[in-house]
Amino acid sequence: MRVLVVGGAGYIGSHMVKSLLQRDCQVTVLDNLSAGYRDAVKGGRFVLGDLGELDVLEEVFRAGQFDGVMHFASHIQVGESVREPARYYRNNVFKTQHLLDVMVAHRVRCFIFSSTAAIFGEPARIPIDEDHPRNPINPYGRGKWMVEQMLADYDVAYGLKSVSLRYFNAAGADPQGELGERHEPETHLIPLVLRAAAGRLPQVTVFGTDYATPDGTCIRDYVHVTDLCEAHWLALRRLQEGGDSVAYNLGNGNGFSVREVIETARTVTGRDIPVVYGERRPGDPARLVADARRARAELGWEPRYADLATIIAHAWRWEAR
Ligand code: UDP
């Protein structure tokens with residue numbers, strides 16, 4: 001298969017590129033390197049460019065003859081999206097529309113979209129299935145939900161088929177140790193905890209201890225990046241076989257609190273991890289856990305690395321390098 005991976009130099013995109021190459025796909029990566037790394041792209045054709053540059057997009061599609069497009073390029077920080085909504089809507093919504101329009105023009109009809117649990121907002125029930133009300137509470141989540149709605153319209157009008165994959169908490173690293181998470185600045189819990197374990201940070205701050213959860217800290221559903229990539233592959237194959245447009249929630253269905261993550265990291269690393277307890281971070285729901293039964297049933301998705309200790313062990317191997 002010939003696949004365009006937009007954002008293929010980023011955290012999840014770079015793992016995806018590796019997995020497509022292992023499947024003998026012809027891969028083209030388009031990335032502006034605003035948050036990605038050229039050396040994380042382990043093969044294929046690399047094009048340095050931005051979705052805002054229509055001439056670059058045209059050129060990529062003229063050369064490509066793609067069977068499918070996977071779109072990982074987006075800004076991902078909730079707090080920043082509240083402070084700078086213009087940046088988020090421009091990058092995550094308008095530029096995505098550029099991409100869709102070029103796909104329509106070149107009759108490329110299979111699109112895999114990186115969506116998020118943030119489209120649900122404050123959960124009304126747990127676990128969260130696909131039909132849970134979509135009620136995003138920040139510009140990041142609203143932008144992703146806008147694109148999902150746009151995709152439904154593009155299907156009706158132009159026959160563009162899509163699978164929106166709503167990640168819960170992407171975590172872990174390439175099991176072979178070749179790739180991992182490299183956000184700068186890093187804001188995610190597991191890499192920060194591991195930096196504290198490695199002595200690269202003095203401590204980790206727990207954001208809030210008064211949530212309505214058993215130990216007072218927030219509960220999240222951590223899902224291994226390699227398992228997310230597997231779901232993308234299965235989704236693309238499904239569209240290739242004539243499947244309809246659809247959205248899936250991707251998580252393991254197990255929630256872990258911030259304290260449990262830190263405790264597991266202590267066990268996995270054998271290191272001391274200094275902790276301080278701070279205020280809540282605005283916009284954090286107490287509990288986010290996926291009901292991913294639809295992806296399992298319809299895609300045959302079977303997460304291989306569902307165990308939190310394994311997820312942290314893979315991330316630790318990367319961090320320790
Ligand atoms: N968190 C924390 N300290 C940190 C970073 C995150 O306590 O330094 C908490 C955060 O409040 C949330 C959970 O860890 O409850 C996961 O946060 P992360 O930013 O990794 O992912 P998110 O859930 O925001 O997608």
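Order of listing sets the numbers, starting from 1, for every ligand and every atom in it.
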*Quickly, which of Phe113, Tyr248, Trp301, Tyr167 forms a ring pair (Phe, Tyr, Trp, His ring centres under 6.0 Å) with His232? Name it, please.*
Tyr167
*asked:* Among Asp291, Leu288, Asn252, which residue satisfies the side-chain contact (heavy atoms from CB on, under 4.5 Å) criterion with Asp221?
replied: Asn252
*What do you reckon, is CZ of Arg125 surrounded by more than 12 foreign heavy atoms closer than 6.0 Å?*
yes
*Return the minimal non-hydrogen interatomic distance between Ile311 and Tyr222, and the atom names on each side.*
CD1-O, 3.5 Å
*State whether Phe46 and Arg38 meet the cation-pi test: NZ (Lys) or CZ (Arg) under 6.0 Å from the six-membered ring centroid, and within 45° of the perpendicular axis.*
yes
_Inter-residue atom distance Lys42.NZ - Asp174.CG, 0.5 Å rounding_ = 9.0 Å
*Using heavy atoms and a cut-off under 4.0 Å, could you grab the residues that are in contact with ligand 1, chain by chain, numbers ascending?*
Asn169, Thr187, His188, Leu189, Leu192, Thr205, Val206, Phe207, Cys218, Arg220, Tyr222, Val258, Arg281, Asp284
